[in-house]
Amino acid sequence: MLDFAIFAVTFLLALVGAVLYLYPASRQAAGIPGITPTEEKRLVVSLGTVDVLKQHINPNKTSDPFETMLKSLLRYQSGGGSVSENHMRKKLYENGVTDSLKSNFALLLKLSEELLDKWLSYPETQHVPLSQHMLGFAMKSVTQMVMGSTFEDDQEVIRFQKNHGTVWSEIGKGFLDGSLDKNMTRKKQYEDALMQLESVLRNIIKERKGRNFSQHIFIDSLVQGNLNDQQILEDSMIFSLASCIITAKLCTWAICFLTTSEEVQKKLYEEINQVFGNGPVTPEKIEQLRYCQHVLCETVRTAKLTPVSAQLQDIEGKIDRFIIPRETLVLYALGVVLQDPNTWPSPHKFDPDRFDDELVMKTFSSLGFSGTQECPELRFAYMVTTVLLSVLVKRLHLLSVEGQVIETKYELVTSSREEAWITVSKRY
């Protein structure tokens with residue numbers, strides 16, 4: 001918990017810096033105890049209970065806090081339009097996720113089965129570097145489903161992964177601890193990597209404009225919408241960066257928890273067998289995997305997958321008796337909220353059955369982790385991980401390595417501090 005507290009404070013300071021880059025400092029008086037505004041400082045409020053978050057989160061708001069936060073850190077400035085414009089962009093995102101998953105389901109299944117075949121070839125004593133394999137799987141899946149057939153070439157995937165890693169590590173660390181601006185070599189590497197990623201996206205956007213392809217990818221939905229080229233570039237960059245890492249870490253944590261929860265893995269295997277039998281994994285039957293959905297929700301909660309988020313207060317608001325002035329930076333301390341014992345009994349226990357309670361699922365949804373409020377990158381990751389688990393768990397026992405202790409590293413998306421190792425054995 002101390003690691004998370006240190007991360008949250010560091011993140012807050014960095015995000016304030018990013019927001020100050022985009023917006024002039026507020027000079028309004030605050031109704032928040034202990035904060036005295038000056039011309040040089042921005043007001044910041046941290047929300048860390050379910051009750052206050054429910055009061056602040058507007059279910060009709062069209063901007064996504066995670067996307068807003070990433071745009072600030074990348075110093076992108078498009079968006080922030082009218083309510084109707086933001087609603088249109090949200091609809092484009094939703095359609096992009098739905099259509100790209102539908103059009104590329106066979107590809108997703110193929111990549112999952114390729115990973116299965118690889119793991120089936122291992123002797124039972126072999127240690128599998130789970131984080132490494134899940135990152136590779138996520139990169140292959142996301143790049144092809146978001147950006148298209150260019151990434152059928154493994155060398156293109158490797159090049160993207162290298163640049164993605166450089167950019168994401170600096171967003172997650174260099175901006176947060178201030179070290180990026182102090183190291184010109186690292187800063188140049190970051191800027192070069194971001195420039196290369198943007199160049200790739202510009203070429204793909206140009207290629208897809210005004211043409212029809214048999215494979216519908218996420219970028220097609222943005223290109224077909226009423227967005228300018230800079231909006232398309234920034235939105236596709238945010239989605240590509242976030243989807244790769246969220247998908248990789250969701251897959252990693254889900255399998256980690258399954259290896260240490262024999263009863264949960266058994267129950268998931270039974271559901272997969274009941275739904276698919278000896279038949280293929282199909283989009284229609286995937287929707288029937290209710291327990292698998294609960295496993296992934298509990299994975300997000302237990303791992304504190306996205307431990308922080310933030311919004312800039314666009315109009316004056318109120319929580320209980322406290323006024324939140326316009327342009328206050330509001331931090332959502334989700335890592336605290338997701339393991340608050342007042343909301344989640346036995347919060348450190350991995351227990352997917354807790355989501356059988358509709359009120360629990362409703363609370364989870366209100367926080368933006370499920371339903372209409374979930375960020376599109378997480379929705380995308382849920383489906384990719386569901387397909388992967390359906391393929392793997394049907395054929396394999398997923399087993400932990402004896403004596404391994406997995407320590408958590410808190411960044412924008414939570415990961416393991418060191419490689420997470422597992423072993424596998426064949427069911428049949």
Side-chain angles (χ1 to χ4, degrees), residues 11 14-15 18-19 21-22 61-81 85-98 100-101 138-139 141-143 145-148 151 160-161 163-172 174-176 190-191 193-205 208 217-223 225 227-250 305-306 308-312 332 368 373-382 384 411-413:
F11 166 83
L15 191 56
V19 172
Y21 171 81
L22 296 175
K61 195 172 181 65
T62 52
S63 62
D64 170 46
F66 194 80
E67 174 197 341
T68 302
M69 181 176 66
L70 281 180
K71 282 197 170 184
S72 293
L73 291 170
L74 284 167
R75 299 185 172 179
Y76 282 166
Q77 299 187 54
S78 75
E85 287 171 342
N86 287 336
H87 181 77
M88 181 269 290
R89 288 177 63 246
K90 182 180 180 182
K91 199 68 181 171
L92 284 177
Y93 258 69
E94 291 173 351
N95 291 341
V97 172
T98 300
S100 61
L101 286 169
M139 287 288 167
S141 303
V142 173
T143 52
M145 296 169 74
V146 173
M147 294 177 283
F151 293 93
F160 178 89
Q161 182 172 336
N163 289 324
H164 178 286
T166 299
V167 171
W168 190 263
S169 67
E170 296 299 359
I171 292 175
F175 276 123
L176 299 188
Y190 165 80
E191 290 172 346
L194 184 62
M195 185 172 64
Q196 288 180 49
L197 291 176
E198 288 179 341
S199 176
V200 169
L201 286 170
R202 283 194 180 95
N203 289 337
I204 292 170
I205 291 165
R208 307 294 289 198
I217 59 175
F218 179 81
I219 284 180
D220 289 337
S221 295
L222 301 184
V223 167
L227 301 176
N228 62 47
D229 286 352
Q230 187 63 24
Q231 286 176 317
I232 296 172
L233 173 67
E234 293 184 6
D235 286 356
S236 55
M237 175 66 79
I238 294 293
F239 190 85
S240 302
L241 284 173
S243 292
C244 283
I245 204 73
I246 290 176
T247 300
K249 300 312 176 187
L250 181 60
L305 189 68
T306 52
V308 288
S309 190
Q311 282 274 32
L312 194 69
Y332 296 165
Q373 290 299 105
E374 71 189 3
C375 75
E377 294 86 358
L378 182 57
R379 181 177 160 221
F380 188 92
Y382 277 144
V384 174
E411 293 181 336
L412 298 181
V413 179

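Just so you know, these numbers use all the heavy atoms, side chains as well, and skip hydrogens, waters and symmetry mates. Residue numbers start at 1 and run along the sequence shown.
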Check: Ser100 side chain, Val97 main-chain N or O, donor-acceptor pair, under 3.5 Å: yes
Parallel, tilted or perpendicular, as decided by the 30° and 60° cut-offs, for the rings of Trp168 and His164: parallel
Interatomic spacing from CD1 in Ile171 to OG1 in Thr166 - rounded to 0.5 Å: 11.0 Å
Side chain proximity check, Leu201 to Ile219, heavy atoms < 4.5 angstrom: yes
Working for side chain to side chain contact (heavy atoms under 4.5 Å, CB included), residues Glu377 and Thr306: CA-CA 11 Å; Glu377 294 86 358; Thr306 52; over 6 Å; no
Over all atoms of both residues, closest heavy-atom pair of Leu194 and Val167: N-CG2, 3.6 Å
Least distance between heavy atoms, Ala138 atom then Cys244 atom: CB-O, 3.6 Å
Spacing of CD1 belonging to Ile232 relative to CG belonging to Leu92, to within rounding of 0.5 Å: 9.0 Å
From CE (Met195) to CG (Asn163), nearest 0.5 Å: 10.0 Å
Shortest non-hydrogen contact between Glu94 and Arg379, atoms and distance: O-NH1, 3.3 Å
Tyr93 ring center near Phe218 ring center (under 6.0 Å): yes
Within-4.5 Å side-chain heavy-atom neighbours: Leu412 and Ile245: no
Intermediate values then yes/no, side chain to side chain contact (heavy atoms under 4.5 Å, CB included), Gln196 and Phe160: CA-CA 9 Å; Gln196 288 180 49; Phe160 178 89; over 6 Å; no
Over all atoms of both residues, closest heavy-atom pair of Gly368 and Leu378: O-CD2, 4.5 Å
Residue pair Met145, Phe380: steps toward the side chain to side chain contact (heavy atoms under 4.5 Å, CB included) verdict: CA-CA 10 Å; Met145 296 169 74; Phe380 188 92; 3.9 Å; yes
Interatomic spacing from CD in Glu198 to CD in Glu191 - rounded to 0.5 Å: 11.0 Å
Shortest non-hydrogen separation from Ser236 to Leu222 and the atoms involved: N-CD1, 3.8 Å
Arg208 side chain near Ile217 side chain, heavy-atom distance below 4.5 Å: yes
Min side-chain heavy-atom separation Arg202-Ile205 under 4.5 Å: no
Ser243 side-chain N/O to Ser240 backbone N/O, donor-acceptor pair under 3.5 Å: no
Leu74 CG to Lys71 NZ distance, which is reported to the nearest 0.5 Å: 10.0 Å
Residue pair Leu197, Leu241: steps toward the side chain to side chain contact (heavy atoms under 4.5 Å, CB included) verdict: CA-CA 10 Å; Leu197 291 176; Leu241 284 173; 4.2 Å; yes
Check: Leu227 and Asp235 side chains under 4.5 Å, non-hydrogen atoms: yes
